[in-house]
Chemist: 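Handing you a structure now.
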Amino acid sequence: QAQLVESGGGSVQAEGSLRLSCAASGYTINMNSMGWFRQAPGKEREGVAIIDSEDNTAYADSVKGRFTISQDNAENTLYLQMNSLKPEDTAMYYCAADRRSASTWWLLLHGNTFFEYWGQGTQVTVSA
């Protein structure tokens, strides 16, 4: 069994930056698909960024050029660097992982019903 714990969220002003971290513990071998999702109040949870074991990535159009997903396999940690933050980025951010492989583009849209392991979330609030 694997556990995921997010950290790094907080309250920032527009144009600010945050780096989210997702630390994996327990049995973490062969996680081939990883990603970040977010859910704003009154909205459905949506894919933000996906990365696979070959470092292929996919990003939501709304964050392209501003967010960067990366992983440090030696430390079992997933990151999301968030730059040029906008008020519409305000949401609870969740990390997710799964041992199965799939297209990063597909996972961006369908990961909500695919990923086996989920963190509890970290809040990001961006003020205008």
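We count residues from 1, following the sequence as given.
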Chemist: Using ring pair (Phe, Tyr, Trp, His ring centres under 6.0 Å) as the criterion, list what pairs up with Y94, not counting sequence neighbours.
Modeler: none
Chemist: Provide the closest heavy-atom pair for P87 versus S127 in the form atom of the first, atom of the second, distance.
Modeler: CG-C, 4.4 Å
Chemist: Judged by modelled atom types alone, do N32 and S53 share a side-chain donor-acceptor pair under 3.5 Å?
Modeler: yes
Chemist: Would the distance check show the side chain of Y27 and the main-chain N or O of Q3 forming a donor-acceptor pair, the cut-off being under 3.5 Å?
Modeler: no
Chemist: Looking only at heavy atoms, which two atoms of S33 and A102 are closest? And how far apart?
Modeler: OG-N, 3.9 Å
Chemist: When rounded to the nearest 0.5 angstrom, what distance separates SG in C22 from OH in Y79?
Modeler: 10.5 Å
Chemist: Is there a path of hydrophobic side-chain contacts, each under 4.5 Å between heavy atoms of I/L/V/M/F/W/Y residues, joining V63 to L80?
Modeler: yes
Chemist: Return the minimal non-hydrogen interatomic distance between L108 and A60, and the atom names on each side.
Modeler: CD2-N, 3.7 Å
Chemist: Side chains of S17 and N83: any donor to acceptor distance under 3.5 Å?
Modeler: yes
Chemist: What is the distance from atom CG of N76 to atom OG of S25, rounded to the nearest 0.5 Å?
Modeler: 8.5 Å
Chemist: With a 3.5 Å cut-off and no angle check, do the side chains of Y117 and R99 form a donor-acceptor pair?
Modeler: yes
Chemist: Would you indicate whether the side-chain heavy atoms of I50 and I69 approach each other to under 4.5 Å?
Modeler: no
Chemist: Quick one: pull up OG in S7 and CZ in R19 and give me the separation to the nearest 0.5 Å.
Modeler: 9.0 Å
Chemist: State which residues pass ring pair (Phe, Tyr, Trp, His ring centres under 6.0 Å) with W106; sequence neighbours excluded, sorted by chain then number.
Modeler: H110, F114
Chemist: Of all heavy-atom pairs between A40 and A91, which one has the smallest distance, and what is that distance?
Modeler: N-CB, 3.8 Å
Chemist: If you measure from CG on N73 to CE on M34, what distance do you get to the nearest 0.5 Å?
Modeler: 6.5 Å
Chemist: Does E88, at its CD atom, have more than 12 non-hydrogen atoms belonging to other residues, nucleotides or ligands within less than 6.0 Å?
Modeler: yes
Chemist: Would you check if the side chain of T90 reaches a backbone N or O of T125 as a donor-acceptor pair within less than 3.5 Å?
Modeler: no
Chemist: Ignoring hydrogens and geometry, is there a side-chain-to-backbone donor-acceptor pair from Q71 to D52 under 3.5 Å?
Modeler: yes
Chemist: Would you say the side chains of R45 and N112 form a donor-acceptor pair under 3.5 Å?
Modeler: yes
Chemist: Answer yes or no: does atom CD of Q123 have more than 12 heavy-atom neighbours from other residues, nucleotides or ligands under 6.0 Å?
Modeler: yes
Chemist: Donor-acceptor pair, distance only, cut-off 3.5 Å: does the side chain of E6 make one with the backbone of G121?
Modeler: yes
Chemist: F115, L20: one ILVMFWY side-chain cluster at the under-4.5 Å cut-off?
Modeler: no
Chemist: Please find out if less than 6.0 Å separates the ring center of F67 from that of W36.
Modeler: no
Chemist: Counting N and O atoms only, with roles assigned by atom type, does the side chain of T104 sit under 3.5 Å from a partner on the main chain of N56, one being a donor and the other an acceptor?
Modeler: no
Chemist: Which value, rounded to the nearest 0.5 Å, describes the distance between T77 atom OG1 and L4 atom CG?
Modeler: 10.5 Å
Chemist: Under 4.0 Å between a side-chain nitrogen and a carboxylate oxygen: does that hold for D89 and K86?
Modeler: no
Chemist: Hey, could you give me the CG/OG distance between L78 and S21, rounded to the nearest 0.5 Å?
Modeler: 8.5 Å
Chemist: So which heavy atom on A58 is nearest to which on W105, and how close?
Modeler: CB-CE3, 3.5 Å
Chemist: Assess whether atom NZ of K43 is packed by more than 12 heavy atoms of other residues, nucleotides or ligands within 6.0 Å.
Modeler: no
Chemist: Check whether any side-chain N or O of R66 sits under 3.5 Å from a backbone N or O of S84 as a donor-acceptor pair, and report yes or no.
Modeler: yes
Chemist: State plainly whether one hydrophobic cluster holds both M92 and V48, where clusters connect Ile, Leu, Val, Met, Phe, Trp and Tyr through side-chain heavy atoms under 4.5 angstrom apart.
Modeler: no
Chemist: Quick one: do F37 and V126 end up in the same hydrophobic cluster if we chain Ile, Leu, Val, Met, Phe, Trp and Tyr together by side-chain heavy atoms under 4.5 Å apart?
Modeler: no
